[in-house]
Each structure stands twice: as C-alpha cells, then as structure tokens.
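Numbers for residues simply follow the sequence, beginning at 1.
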Amino acid sequence: MLSGGVLALALIAGPVSGLAGDSDHERARQALEAGKVLPLGAVLDIVERDFPGQVVKVEFEEDDDEFIYEIRVLQSGGGILKLKIDARDGALLAVKGRDIKFKGKD
C-alpha cells in the first residue's frame with residue numbers, strides 16, 4: 001500500500017518525480033519538455049496493460065541520448081519483474097524475473 005501511495009503522489013506531482021533521484025527527475029523533465037520521451041503515465045499505462053501487478057519502483061536512465069524507464073512490478077505470488085522500457089516510444093526492451101505473467105496469458 002505504501003509504495004502505491006508513493007507512486008500516486010509521484011504521478012500527481014509530475015510526469016517523473018519522487019521515485020528516482022532528483023537528477024533523474026530533472027533529466028526526465030527536460031527530455032519530456034523537448035519531446036524526446038513519453039510521460040511516465042503513458043508508459044505506466046502500457047506496463048499495466050501487459051503485466052499484472054503493482055509498480056513498486058521506477059527509475060529513469062539516460063545514456064548517449066538513449067532514454068529508458070526501468071520499472072519493477074510486484075506480481076501475485078511475490079515475484080518481481082524488472083522491465084526496461086524505451087522512453088521514446090514505450091517499447092519493451094527487456095524483462096527479467098521468474099514466473100513472468102502477461103495479461104491474458106499464464
């Protein structure tokens with residue numbers, strides 16, 4: 001419940017805040033304003049559509065003009081997924097975890 005509250009506060013406060021370091025937030029804000037990345041809310045919609053569970057952590061990474069949201073999802077049964085999402089278009093780049101559950105699939 002607590003992490004969900006933190007996530008909700010972060011989404012209310014801005015497109016990418018609170019869940020990553022201040023420098024992550026500033027870089028993400030600048031990239032969003034420049035039209036280089038999708039807002040966090042749009043990326044979370046994609047994640048929630050495809051992976052059942054609760055988002056417990058979000059990080060924003062930028063390296064040589066490549067922007068990535070790293071998102072951790074707690075799934076039923078206690079498994080944690082680590083997703084890497086291309087921040088420019090929301091494409092799934094990588095997924096790690098055990099017993100990965102996709103919506104509509106077992």
Qualifying residues under side chain to side chain contact (heavy atoms under 4.5 Å, CB included), relative to [X], sequence neighbours excluded:
| X | answer |
| --- | --- |
| D63 | none |
| D45 | E48 |
| K82 | E70, R72, K96 |
| A94 | K84 |

Between [atom1] on residue [X] and [atom2] on residue [Y], distance to nearest 0.5 Å:
| X | Y | atom1 | atom2 | result |
| --- | --- | --- | --- | --- |
| I85 | L92 | CD1 | CG | 4.5 Å |
| L81 | I71 | CG | CD1 | 11.0 Å |
| L74 | K57 | CG | NZ | 14.0 Å |
| E61 | E59 | CD | CD | 6.0 Å |

Legend entry - Verdict with reasoning, F67 to K36, per side chain to side chain contact (heavy atoms under 4.5 Å, CB included): CA-CA 8 Å; F67 301 97; K36 294 181 179 180; 3.9 Å; yes
So which atom in [X] and which in [Y] form the shortest heavy-atom distance, rounded to 0.1 Å?
| X | Y | answer |
| --- | --- | --- |
| I68 | A87 | N-CB, 4.1 Å |
| D89 | L38 | C-CD1, 3.5 Å |
| P39 | Y69 | C-OH, 3.9 Å |

Inset, instruction - Using a 4.5 Å cut-off on heavy atoms from C-beta on, say whether the side chain of L44 contacts that of V55. - result: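 Yes, at least one pair of side-chain atoms sits under 4.5 Å.
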Inset, instruction - With the side chain counted from C-beta on, respond yes when R49 and I46 share a heavy-atom pair under 4.5 Å apart, and no when they do not. - result: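 When only atoms from C-beta onward are counted, I46 and R49 do touch, with a gap below 4.5 Å.
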Legend entry - side-chain hydrogen bond (donor to acceptor under 3.5 Å, both in side chains) against D86, all qualifying residues, sequence neighbours excluded: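 With neighbours one apart ignored, the set is R88.
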Inset, instruction - Please list, chain by chain and in numerical order, all residues satisfying side-chain hydrogen bond (donor to acceptor under 3.5 Å, both in side chains) with Q30, sequence neighbours excluded. - result: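 Only E26 meet the side-chain hydrogen bond (donor to acceptor under 3.5 Å, both in side chains) criterion with Q30.
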Legend entry - From CA spacing to verdict: side chain to side chain contact (heavy atoms under 4.5 Å, CB included), F60, L40: CA-CA 9 Å; F60 180 83; L40 178 58; over 6 Å; no
